[in-house]
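Working notes, beginning with the structure itself.
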Amino acid sequence: MFSTVLEQFVNGIVTGSVYAIVAVGMTMIFGVLRAINFAHGEYYMLGTFGAWFAIDYLGLSYEASIVVGVLATVVVAYVIGQLVMRRMVGAPAESGVLATLGIALILQNAIIFVFGGGYKFFAGGYIEPVSILGFSLAQQRILILVVCLLVFVGLELMVTYSRLGMAMRAVSQNVDCCGVVGIDVPQVVLRTFILGAALAALSGVLTAPVNVSVYGGMGELITFKTLPIIIMGGLGNVRGTFFAAMILGVAESLVATYVGLQFRDTVGFATLILMLMWRPHGLFSTQARF
Amino acid sequence: MTHTITRRMLCISTAILTIAGAVPLVTGAAQAADSIKLGIVAPMSGPNARYGAFSMRGAELAVKDINDAGGVDGMKIELFNADSQGTPVEGVSATRRLIDQDGVDFIIGDVSSSVTLAMQPVAEDAEVLLLNAASSNPKITYQAGVGGFKWTYRNYPTDENRALIVAKYAAEQRSFTKFAVLSVDSDYGRSAITFTKKYLPDFKGQILSEDYYKEGEVDFRSVLAKIRDNGAQAIIMYGLADTTPIVARQMIELGLAGKVTLIGNGEFNTEKTIKSAPSALEGAVEAAAWLPAFDSPASKAFVEKFTTTYKEAPNNHAYVHWDTVNLLAAAVKQAGSADKEKVRDALSKIKYKSPVGDVSFDDHNQARLPMILLQIENGKPSIKGAYTADIQYPAK
């Protein structure tokens, strides 16, 4: 009994790690733009497609495909950032929603148009199972966990000490004052956006070997899973996002085991409703930041 | 004053537009006589897109062959396609689009039972012949023919037949008694399990756990761990082809491969699926309407033709759509015209030679067709027999 619960707990942590890497990008973008990026899951999809393309068409190794997937997404994010996201600074909230939803549709359908709508088989990765604590786990899942921890430690350091990190915090606090002291706000927005998209892509490439299938619409579900996480974590809060993602991952895993797999997706949406009703400012802050 | 003029102009221009729009409609009706307008509703995007692509290719191949041979009594088949995305809502609007904009008289669709069930009333209202080629939920023809919908026909065996033969084979040939359910959460996945439950007690079978996955689900670790711990000997899976490799891979990850057998339906038998997780699929039992290895000259000829045309072996959906287009052509030929009412009457009486056997329709517009049972042995599907069961329609 105890070992089953422990195993499901670990499963949840692994799932949570995937969510965390995607969600942290979304929450940082919200921090500087005050806009939910509804196209965020699409960068997750783009990263995976980039890696799949590298393996299937270019014959590269999985390690190289990670680089290709993330770089391809960075290029796309740079173009979208220059054309669209920069203009969102100071724009009303509706324009952010419309613009990002539009981008989501364009990216998704562009991929379906080019590669077809069917599922693709992702061949790379380390899928051999290893045994730890009495149950088996694919090596890839351990890799996901480690990368997630590294990403969060790195982000924590960056936000606290680096110039870009400080500028990001400044922009998220007061856009007008940033202008006064000479921070190039659109530049900060662009860089944050590219960083967020790259993280989503990284998460996609890391998950692809265990999820096996790659298809145009795969980002949608991820976007909707990250919504409750960033709200639970407190919009714009990096550390909060990490814990919120773990909570959702573990809760989903326990529900799938003890209630039924068909109720798995209900967890995220139920959490979203409950959070918005009782703690719209998130679990980890005492007052609303925005 | 200006307002009145503008409004009058609007009225006049609307009237002109209406008349202009009606002219092609009238001429369009005149043209319909020398072509057979056939619409295909299939999931061209979304989680079932693979089925849609195969369906379309199968239909296109049949249409090309018929048209190249001069058409049906000189009438060419004109093919239209609409994307259902595998969801009832999109399926209904796709059907409407085919009827209202393309003006088709015949529709083949959809793959998903949930979508077909939603399309039935639309086709019935418009009096367009809906010929289903790939949905297996029994309800579709329970409510057709003498059951209600006069314009729905189905050229595909049902889940009732499938559930019975899979349960029987698993119990009698493989001596399984403990089962876990892991099926897709749809009218197809759920109805197959309903019928499995109806027949399983006859074979002393017991269901230990029951889970349904959403289309697009990728994480089965929790459920598979539960199944590993509850001691089930087989997983009853009526699932989607694209999900089978994911489940099979995660079965290997959790050490279930070789210990727990997959039984049911979900394209366990294609080369690609078996290659993705050979040890998990060894011994798997599947009941399918058709598979490329089916041994009949007409079936083999189709596989060869499809493979040379598309550089890929056909699947079940390619075959059934190819076959159903041929069936429709045979019905048009027998009716002697492309008039949808005459074709419908011809279909009710037809004796059609399909590659898997002779096809005729019962009073519920359901084709009598066999299910083919196969088992994966040494990484290859091996056919264990073809079974036809008479359907017990529920008393009204």
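In what follows, chains carry the letters A, B, and so on, assigned in the order in which the sequence lines appear, proteins first and then strands, with residues in each chain numbered from 1. The model shown is predicted, which means the values in this text are computed figures rather than measured ones.
Proximity to chain A is limited to the side chain of B:D229, based on heavy atoms less than 4.5 angstrom apart. In this structure, the portion of A:T15 lying under 4.5 Å from any heavy atom of chain B is its side chain and not its backbone. Looking at B:F220, the atoms closer than 4.5 Å to chain A (heavy atoms on both sides) all sit in the side chain, from C-beta outward. The parts of B:D219 that come within reach of chain A are both its backbone and its side chain, each placing non-hydrogen atoms under 4.5 angstrom from that chain. Heavy atoms of A:F113 lying under 4.5 Å from chain B are absent altogether. For B:R249, the part lying under 4.5 angstrom from a heavy atom of chain A is the side chain only. When heavy atoms are compared at a cutoff of 4.5 Å, B:S209 does not approach chain A at all.
Most heavy-atom pairs under 4.5 Å with chain B: of the set A:V212, A:L254, A:V130, this distinction falls to A:V212. Top candidate by heavy-atom pairs under 4.5 Å with chain B, chosen from A:G12, A:S131, A:A138, is A:A138. Chosen from A:S136, A:P129, A:A123, the residue pairing most often with chain B at heavy-atom distances under 4.5 Å is A:S136. The residue among B:L182, B:V218, B:D185 with the most heavy atom pairs within less than 4.5 Å of chain A is B:V218. By number of non-hydrogen pairs under 4.5 angstrom with chain B, the leading residue of A:V14, A:L137, A:D265 is A:L137.
Within the 4.5 Å cutoff, the side chain of B:T243 has no heavy atoms near those of the B:V184 side chain.
The distance from atom NZ of B:K226 to atom CZ of B:R221, rounded to the nearest 0.5 Å, is 15.0 Å. In this structure, CD1 in B:I235 is found 11.5 Å from CG in B:L208, a value given to the nearest 0.5 Å.
Note: B:W322 and B:Y319 have tilted aromatic rings, judged against thresholds of 30 and 60 degrees for the angle between ring planes. Note on ring orientation: taking the six-membered ring where Trp is involved, the planes of A:W52 and A:F49 are perpendicular (angle over 60°, cut-offs 30° and 60°).
A donor and an acceptor atom, one from each side chain of B:N265 and B:Y188, are located under 3.5 Å apart. Donor-acceptor pairing under 3.5 Å is recorded for the side chains of B:S136 and B:D159.
Salt bridge absent: B:R97 and B:D102 never bring a charged side-chain N and a carboxylate O closer than 4.0 Å.
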